[in-house]
Undergrad: 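Take this structure, written in structure tokens, and hold onto it; I'll ask about it next.
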Amino acid sequence: MSVRVRIAPSPTGPLHIGTARTALFNYLFAKRMGGTFILRLEDTDVARSTLAYEQDILDGLHWLGLEWDEGPEVAGLPARGPFGPYRQMQRLDRYSAAAEKLLAEDKAYHCYCSQEELAADKAAQEAAHQPPHYVGRCAQLSPEQRAAREAEGRRPVVRFRVGEGVVAFDDIVRGHVEIDKTALGGDLIIVRSDGTPLYHFTVCVDDTDMEISHVIRGEDHLSNTPKHILLFQALGADVPQFAHLPLILNPDRTKMSKRKSQTAVADYRAQGYIPEAFVNFLSLLGWSSGTEEEIFTLDELAERFSLERVQSGGAVFDRERLEWLNGQWIRKLTDDELVERCLPFLVTAVEVAAGPSGSSRTPSAEDLRSLMPMVRERMSTLAAVGPLLDFLFVDQLSVEPDLLVPKRWDAPTTAEALTAARGIIAEVGQVSFEADELEPPLRALAEERGWKAGDLFMAIRVAITGKTATPPLFDTMVALGYERTLERIDAAREALTGL
RNA sequence: GCCCCCAUCGUCUAGAGGCCUAGGACGCCACCCUUUCAAGGUGGAGAUCAGGGGUUCGAAUCCCCUUGGGGGCACCA
């Protein structure tokens, strides 16, 4: 039996962390088992589905490297796979055929209950402390009764007969699960009164048609699984294997949500997280290799993954850990790769630093390439290049005057030190402006005047960068250039006289 | 309310009866390196394995109960 798994996102919002993790685990399982990974778009909620969301989801999956083997036509690319269409709105005839079949076999029936009747039932059940369920008012209507309701102009929904008893299944991650049918809420609606099918039904029809062998999804679907099993059986289909993954949680241990966490994959991407780290991080939410290694590429994960090693308790999304992993992965990239990925972040950071009226030079790939060695181990996200280098490209540096004076110093000392340092720097620059040439004479100056070298360097650092945390000072001076280094020191001296 | 699931350091986890006086990682603290910030190195604090009963010569590991947490109960997906 071949392994066929799917990810079935609904384009009613941007790609969510939880969907991405589910996609990843399905992908890894398929790769590991030599199976097929399928993408199916569940777009039957026409009111909330948009093309923009669909594009965001597709972009996100591509970004993560989760290429699907079968899927719909998207953005000009043709559909792939023999089980299409892979878009639910193109499968409506399949659902109505399946519904007709269930109706014909009396496994489903037309229900004419109004929203008001249903609401009243629910209220009564609540008052009686009973679980909400459909009372079965239309379960045994005679042809005459049906005709009477039709005559009133009522449009029926299709309800699936749930019956009595217990549904049991063996979940790959949770083990044996049994749920009594009375907990299912009564006969469930599979087709709306407007004729459009509902989620639980479409999933089962599609999974059957697409010969899905394993349904790997979030734990929030565990309670729905009996409904699906019943539907599969009624459809005369083989019931797939189920594996319910632990939920990804907010810090307060509730299901991860937009309200309490950042849930859109695109937002992390925009903040400079890289896919290698993101995939690695996601893989560790609910799964572990069983060894003490934890840095893995997508391919390495695919070699090691198994559903048996999936955790059953929920996992809090820990941003600090993601950030650490991101830094690890950034340091693994080559300079060229890093330059390519960082450049857009640097460019916008420079624009922001220059301000709406300020002028600046737009950094090039060559610029960044030469600066890479001094920043790469200082970045945990791509966006971190910004504050590390933006001051090199803005024409007018704005420095907080108070910052100019090192902690142990006062303004006159600082001015004096900058003046002395300027002289030395100017002198060195006459011959060759290099980091190795600058450091010894400046250290000598500090010694001579009885200053701590660190204080002197800090004064210069702030003067030329406007910041107290920067890449190594002498490299920074060289990167800035002789002229501009002196200009900025002069500007700082001037600013100091005002203090 | 009803049903289901879950439960090891703050967080992610290792652990499938003796190897556990519970291991690793993130974070935190200290020290080293050091011109700042990082990175790196070393060390440390941090979990009576939710609690209580069993089973067993022996339990974090098996069973039961309690407690706590979460999820699901739509003409949403």
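Each chain gets a letter, A, B and so on, in the order the sequences are listed, and its residues count up from 1.
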Undergrad: If a protein heavy atom is under 4.0 Å from the base, mark B; if only from the sugar-phosphate, S; if neither, -; do that for nucleotides 21-33 of chain B going 5' to 3'.
TA: --SSBS-------
Undergrad: Whole-Å distance between B/C6 P and A/Leu247 CG?
TA: 13 Å
Undergrad: Using purine N1 to pyrimidine N3 plus N6-O4 or O6-N4 for Watson-Crick, or N1-O2 and O6-N3 for G-U wobble, both under 3.5 Å, which nucleotide pairs with B/A45?
TA: none
Undergrad: What is the separation between atom CZ on A/Phe474 and atom P on B/U35, rounded to the nearest whole Å?
TA: 9 Å
Undergrad: Charged N to carboxylate O below 4.0 Å: is that the case for A/Arg449 and A/Asp455?
TA: no
Undergrad: Salt bridge check: are A/Arg319 and A/Glu323 linked by an N-O gap of less than 4.0 Å?
TA: no
Undergrad: Rounding to an integer number of angstrom, what distance separates B/G46 and B/C9 when you compare their P atoms?
TA: 14 Å
Undergrad: Suppose you measure atom C1' in B/U13 against the same atom in B/C20; what distance do you get, rounded to whole Å?
TA: 16 Å
Undergrad: Rounding to an integer number of angstrom, what distance separates B/A47 and B/A60 when you compare their C1' atoms?
TA: 11 Å
Undergrad: P atom, B/A45 versus B/U56: distance in rounded Å?
TA: 38 Å
Undergrad: Counting C-beta onward and ignoring hydrogens, is there a side-chain heavy-atom pair between A/Phe278 and A/Leu322 closer than 4.5 Å?
TA: yes
Undergrad: Parallel, tilted or perpendicular: which fits the ring planes of A/His110 and A/Tyr112, with parallel below 30° and perpendicular above 60°?
TA: tilted
Undergrad: Using a cutoff of under 3.5 Å, can you pull out all pairs of nitrogen or oxygen atoms linking the protein to nucleotides 62-64 of chain B, with atom names and distances?
TA:
none

Undergrad: With a cut-off of under 6.0 Å to the ring centre and 45° to the axis, is A/Arg21 in cation-pi contact with A/Phe25?
TA: yes
Undergrad: Compare side-chain N and O positions of A/Thr470 against OP1 and OP2 of B/U36 and report whether any pair is under 4.0 Å apart.
TA: no
Undergrad: Please report the distance separating the C1' of B/C29 from the corresponding atom of B/G10, rounded so that it comes out in whole Å.
TA: 14 Å
Undergrad: Go ahead and name the base partner of B/A14; Watson-Crick or wobble counts if both distances stay under 3.5 Å, otherwise write none.
TA: none
Undergrad: Could you check whether the rings of A/His228 and A/His221 sit parallel, tilted or perpendicular, using 30° and 60° as the cut-offs?
TA: tilted
Undergrad: Mind checking A/Arg331 for me? I need base, sugar-phosphate or nothing, with any heavy atom below 4.0 Å counting as a touch.
TA: sugar-phosphate
Undergrad: Considering only atom C1', compute the distance from B/C12 to B/G17 and round it to an integer number of Å.
TA: 26 Å
Undergrad: Identify whether any heavy atom of A/Ala315 sits under 4.0 Å from a base atom; if not, whether one sits that close to sugar-phosphate; answer base, sugar-phosphate or nothing.
TA: sugar-phosphate
Undergrad: Let me know the distance between CZ of A/Phe296 and P of B/U13, rounded to the nearest Å.
TA: 14 Å
Undergrad: Could you check whether the rings of A/Trp451 and A/Trp409 sit parallel, tilted or perpendicular, using 30° and 60° as the cut-offs?
TA: tilted
Undergrad: Need one value for A/Leu188: base, sugar-phosphate or nothing, where a base atom within 4.0 Å counts as base even if backbone is also close, heavy atoms only.
TA: nothing
Undergrad: For B/G15 and A/Arg309 - does any side-chain N or O of the residue sit under 4.0 Å from the phosphate oxygens OP1/OP2?
TA: yes
Undergrad: Just the rounded figure in Å: distance from P of B/C4 to CG of A/Asp171.
TA: 15 Å
Undergrad: Mind telling me whether A/Tyr268 and A/Phe317 have parallel, tilted or perpendicular rings, with 30° and 60° as the class edges?
TA: tilted
Undergrad: Specify the residue among A/Phe457 and A/Ser312 whose closest nucleotide of RNA chain B lies further upstream toward the 5′ end.
TA: A/Ser312
Undergrad: Checking salt bridge (charged side-chain N to carboxylate O under 4.0 Å, His left out) between A/Glu152 and each of A/Arg149, A/Arg154, A/Arg155, which is the one that passes?
TA: A/Arg154
Undergrad: Separation of A/Asp170 atom CG from B/C5 atom P, in whole Å?
TA: 12 Å
Undergrad: Please state how far atom CG in A/Asp455 lies from atom P in B/U34, giving the value in whole angstrom units.
TA: 18 Å
Undergrad: Quick one: is B/A14 close enough that its OP1 or OP2 comes under 4.0 Å of any side-chain N or O from A/Gln311?
TA: yes
Undergrad: Confirm from the modelled atom types if A/Arg174 and B/C5 form a donor-acceptor pair under 3.5 Å, side chain to base only.
TA: no
Undergrad: What contact category does A/Leu222 fall into here, base, sugar-phosphate, or nothing, at under 4.0 angstrom with non-hydrogen atoms?
TA: sugar-phosphate
Undergrad: Roughly how many Å apart are B/A59 and B/C5, using the C1' atom of each and rounding to a whole number?
TA: 24 Å
Undergrad: Pick the P atom in B/C49 and in B/A7, then give their distance to the nearest Å.
TA: 15 Å
Undergrad: Counting distance alone, no hydrogens or angles: does the base of B/U35 have a donor or acceptor under 3.5 Å from a partner atom on the side chain of A/Arg443?
TA: no
Undergrad: So, A/Arg91 side chain and A/Pro85 main chain: donor-acceptor pair closer than 3.5 Å or not?
TA: yes
Undergrad: Compare all side-chain heavy atoms of A/Arg137 with those of A/Leu118 and state whether any distance is below 4.5 angstrom.
TA: yes
Undergrad: Searching all strands shown, indicate the nucleotide that pairs with B/G40 (Watson-Crick or G-U wobble; both distances under 3.5 Å).
TA: B/C32
Undergrad: Pick one: which of A/Leu301, A/Leu307, A/Val5 meets side-chain contact (heavy atoms from CB on, under 4.5 Å) with A/Leu28?
TA: A/Leu301
Undergrad: Do nucleotides 72-77 of chain B as a string where each nucleotide becomes B, S or -: B if the base has a protein heavy atom under 4.0 Å, S if just the sugar-phosphate does, - if no protein is that close.
TA: S--BBB
Undergrad: Under a 3.5 Å limit for both distances, which nucleotide forms a Watson-Crick or G-U wobble pair with B/A7, could you say?
TA: B/U67
Undergrad: NA contact type, A/Pro246, heavy-atom cut-off 4.0 Å: base, sugar-phosphate, or nothing?
TA: nothing
Undergrad: Give A/Arg253 one of three labels, base, sugar-phosphate or nothing, depending on what nucleic acid heavy atoms sit under 4.0 Å from its own.
TA: sugar-phosphate
Undergrad: So, A/Arg304 side chain and A/Gly290 main chain: donor-acceptor pair closer than 3.5 Å or not?
TA: no
Undergrad: For the pair A/Arg378 (side chain) and A/Met374 (backbone), establish whether a donor and an acceptor sit closer than 3.5 Å, ignoring hydrogens and angles.
TA: yes
Undergrad: What is the separation between atom CD on A/Glu439 and atom P on B/U34, rounded to the nearest whole Å?
TA: 11 Å
Undergrad: Does the structure show a Watson-Crick or G-U wobble partner for B/C73, both distances under 3.5 Å? Name it, or say none.
TA: B/G1
Undergrad: When the distance from CE of A/Met256 to P of B/C12 is rounded to whole Å, what number comes out?
TA: 12 Å
Undergrad: Students often get this wrong, so: under 4.0 angstrom with heavy atoms, is A/Gly286 touching a base, only sugar-phosphate, or nothing?
TA: sugar-phosphate
Undergrad: Does a side-chain N-to-carboxylate-O contact under 4.0 Å join A/Arg94 and A/Asp206?
TA: no
